[in-house]
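Worksheet for the structure shown next.
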There are 2 protein chains.
Amino acid sequence: MNKNIFSQIYGDYTQRIETGLLKTGVKLPSEHEIAEEYGTSRETVRKALHLLSQNGYIHKIRGKGSFVLDMNRMEFPISGLVSFKELSERLGRTVRTLVHETACVPCPRNVARQLQIAEQEPIWKVVRAREIEGEKVILDKDYFLASVIPELTEEIASQSIYAYLEGQLSLKIAYAKKEISVEQVSDEDKRLLDLARDTHIVVVRNYVHLEDTTLFQYTESRHRLDKFQFVDFARRVQAEE
Amino acid sequence: MNKNIFSQIYGDYTQRIETGLLKTGVKLPSEHEIAEEYGTSRETVRKALHLLSQNGYIHKIRGKGSFVLDMNRMEFPISGLVSFKELSERLGRTVRTLVHETACVPCPRNVARQLQIAEQEPIWKVVRAREIEGEKVILDKDYFLASVIPELTEEIASQSIYAYLEGQLSLKIAYAKKEISVEQVSDEDKRLLDLARDTHIVVVRNYVHLEDTTLFQYTESRHRLDKFQFVDFARRVQAEE
DNA sequence: GAGTGGTCTAGACCACAAA
DNA sequence: TTGTGGTCTAGACCACTCT
């Protein structure tokens with residue numbers, strides 16, 4: 001339970017929409033009514049509804065009201081900033097993680113450039129293959145600043161690293177930049193994934209920052225072409241003049 | 001010039017950050033100071049700063065202040081909801097559009113399913129190849145509800161359809177859902193693009209909605225593997241309990 | 001303790017939609 | 001005319017950082 005009123009309202013409505021209690025096209029109560037219901041002010045309600053709108057749950061129309069959207073929310077592969085573990089659980093798929101490497105090593109040149117640190121600086125390197133429905137289709141190569149993460153075990157890598165970072169170490173992950181492109185398969189891809197005759201692979205580069213803006217993680221997530229999907233929700237920014 | 005105070009503030013800061021007047025890591029004035037400067041209230045300033053934060057321009061830290069982020073903003077291919085024309089102009093690349101078809105036709109079955117309308121209902125079909133630096137690398141297949149768009153010419157299709165929709169027809173585009181996947185190349189791809197020996201192609205499916213939530217456009221944007229890139233900025237949603 | 005951002009209030013006026 | 005969402009105000013209190 002969150003103590004903020006607006007996130008209480010947000011949570012209530014996301015739940016009602018996700019469980020189908022509020023169906024596509026249904027009109028929400030007016031902001032005034034919701035404010036009364038929660039015993040709060042209209043601006044606080046608006047904060048919650050704005051969040052729902054940003055995340056594709058509802059659409060607000062001036063003079064009319066707020067309406068539930070149909071966004072097929074069940075299939076959200078890597079949109080936003082969510083870990084593989086969180087996604088798997090949400091999707092309820094049969095997944096397995098194979099940890100190939102968990103080591104603290106001096107940073108190689110190519111990774112040093114991505115993390116914007118000096119070469120040789122100690123970093124944690126984690127290489128994991130993700131198996132979905134019996135096929136190894138994703139190769140995750142993570143690099144973490146050792147100055148931020150004192151310890152990392154294969155045990156943790158096989159579970160959820162993010163749960164460890166946020167739970168045990170109470171690191172605050174703030175934002176990330178993601179780049180998606182398609183590249184030639186590497187020897188490592190061929191060795192660790194079930195690729196058949198694929199020549200290309202989808203590469204998702206992820207640059208993750210903490211609350212204090214330090215870039216502490218660089219991840220290369222390599223997806224087999226046929227298993228890659230990305231879904232995005234975007235609102236149009238009205239042109240200004 | 002926008003009449004809203006908060007979008008005035010937002011515009012001022014995006015400009016200063018994009019032009020490099022405000023550099024990475026620089027601390028913005030406090031919310032109180034900005035409010036005073038613009039002769040407005042703090043909540044209004046906060047609205048502008050929240051937008052800057054959402055769009056990756058700044059990061060706010062409680063007790064410290066707001067800081068300019070470095071997001072290499074210059075290379076934003078298809079993030080968010082922006083048209084090809086707008087993008088090309090922003091990137092300043094040598095681009096050319098080849099219009100292969102602009103016709104009002106009865107809706108075929110597969111498109112009817114995407115647009116959630118009855119088969120045979122009249123739609124505008126536009127097929128365009130995009131040439132970047134002399135190579136045809138993107139194939140855009142657009143389908144618009146004819147009930148929404150009375151007229152569409154090859155002239156308009158060769159320029160910007162969005163500028164026409166928003167400018168001439170004053171349609172209000174509200175939001176869109178985007179799906180990215182990789183598929184086998186089609187005969188049409190081979191015919192209209194410079195593909196060499198490619199076997200796969202990146203497909204971006206775009207479902208565009210108007211202010212009143214009607215789904216009025218379905219677009220299939222097919223990108224040659226080596227020319228595809230997608231950049232995304234995401235903020236972490238703190239887990240609730 | 002002073003300064004910062006985060007949440008919230010109880011109003012106000014406006015633009016727009018529907019009856 | 002009534003109801004809706006959009007913008008804005010002038011405060012308040014809180015949590016946090018820094019000195």
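The sequence lines fix the lettering, A, B, ..., with proteins before strands; numbering per chain opens at 1. All values below come from the heavy atoms of this structure, side chains included, with hydrogens, waters and symmetry mates left out.
Of the charged side-chain nitrogens involved, at least one lies within less than 4.0 Å of a carboxylate oxygen, so that B:Arg128 and B:Asp142 count as a salt-bridged pair.
Checking C:dT7, C:dC8, D:dC8 against the side-chain heavy atoms of B:Phe6 singles out D:dC8 as nearest. Checking D:dG5, D:dC8, C:dG6 against the side-chain heavy atoms of B:Asn4 singles out D:dC8 as nearest. For B:Arg62, taking side-chain heavy atoms from C-beta onward, the closest of the listed nucleotides C:dA17, D:dT9, D:dC16 is D:dC16. In this structure, the nucleotide among D:dC8, C:dT4, C:dT7 sitting nearest to the side chain of B:Arg42 is C:dT7. For A:Thr40, the side-chain atoms get nearest to C:dC8 when compared with the rest of C:dC8, C:dA18, D:dT17. In the set C:dG5, D:dT9, C:dT7, the nucleotide with an atom closest to the side chain of A:Lys47 is C:dT7. When distances are taken from the side chain of B:Arg46 to each of D:dC18, D:dT4, C:dG6, the shortest belongs to C:dG6.
Residue A:Ser66 is the one, among A:Glu43 and A:Ser66, whose nearest nucleotide of DNA chain D lies closer to the 5' end (criterion: closest heavy atom). Where B:Gly63 and A:Gly63 meet DNA chain C, the nucleotide closest to each residue was compared, and B:Gly63 sits on the side nearer the 5' end.
One distance of note links NZ of A:Lys141 with OG1 of A:Thr219; it measures 11.5 Å at 0.5 Å rounding. Once rounded to the nearest 0.5 Å, the distance linking CD of A:Gln217 with CD1 of A:Ile149 reads 7.0 Å. Distance NE2/A:His223 to CG/A:Asp140: 6.5 Å, rounded to 0.5 Å.
The OH atom of B:Tyr10 sits 14 Å away from the P atom of D:dT7 (whole-angstrom rounding). Distance B:Lys172 NZ to D:dG5 C1': 14 Å, rounded to the nearest Å. Atom CD of A:Glu31 and atom C1' of C:dA12 are 15 Å apart (whole Å). Here the C1' atom of nucleotide D:dG6 and the CZ atom of A:Arg235 are 14 Å apart, to the nearest Å. Here the C1' atom of nucleotide C:dC13 and the CD1 atom of B:Ile5 are 13 Å apart, to the nearest Å. The NE2-P distance, from A:His32 to C:dC13, rounds to 17 Å in whole Å. Atom P of nucleotide D:dC16 and atom CG of A:Asp212 are separated by 16 Å, given to the nearest angstrom. The CD atom of B:Gln8 sits 15 Å away from the C1' atom of D:dT7 (whole-angstrom rounding).
At C:dG3, none of the side-chain N or O atoms of B:Lys64 fall inside 4.0 Å of OP1 or OP2 (strictly under the cut-off). Side-chain N/O atoms of A:Lys60 include one lying less than 4.0 angstrom from OP1 or OP2 on D:dG6. The phosphate of C:dT7 (OP1 or OP2) has no side-chain N or O of A:Thr44 nearer than 4.0 angstrom. The shortest distance between the side-chain N/O atoms of A:Ser41 and the OP1/OP2 oxygens of C:dA10 is not below 4.0 Å.
Taking the six-membered ring where tryptophan is involved, the planes of A:Tyr218 and A:Tyr143 are essentially parallel, since the angle between them stays under 30° and well short of 60°.
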Using the rule given for ring pair (Phe, Tyr, Trp, His ring centres under 6.0 Å), can you reason through B:Tyr13 versus B:Tyr57, listing the C-alpha separation, both sets of side-chain angles and the distance that settles it, and then say yes or no?
CA-CA 9 Å; B:Tyr13 278 96; B:Tyr57 285 96; over 10 Å; no
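Within 4.0 Å (heavy atoms only), B:Ile61 reaches sugar-phosphate atoms of the nucleic acid but no base atom.
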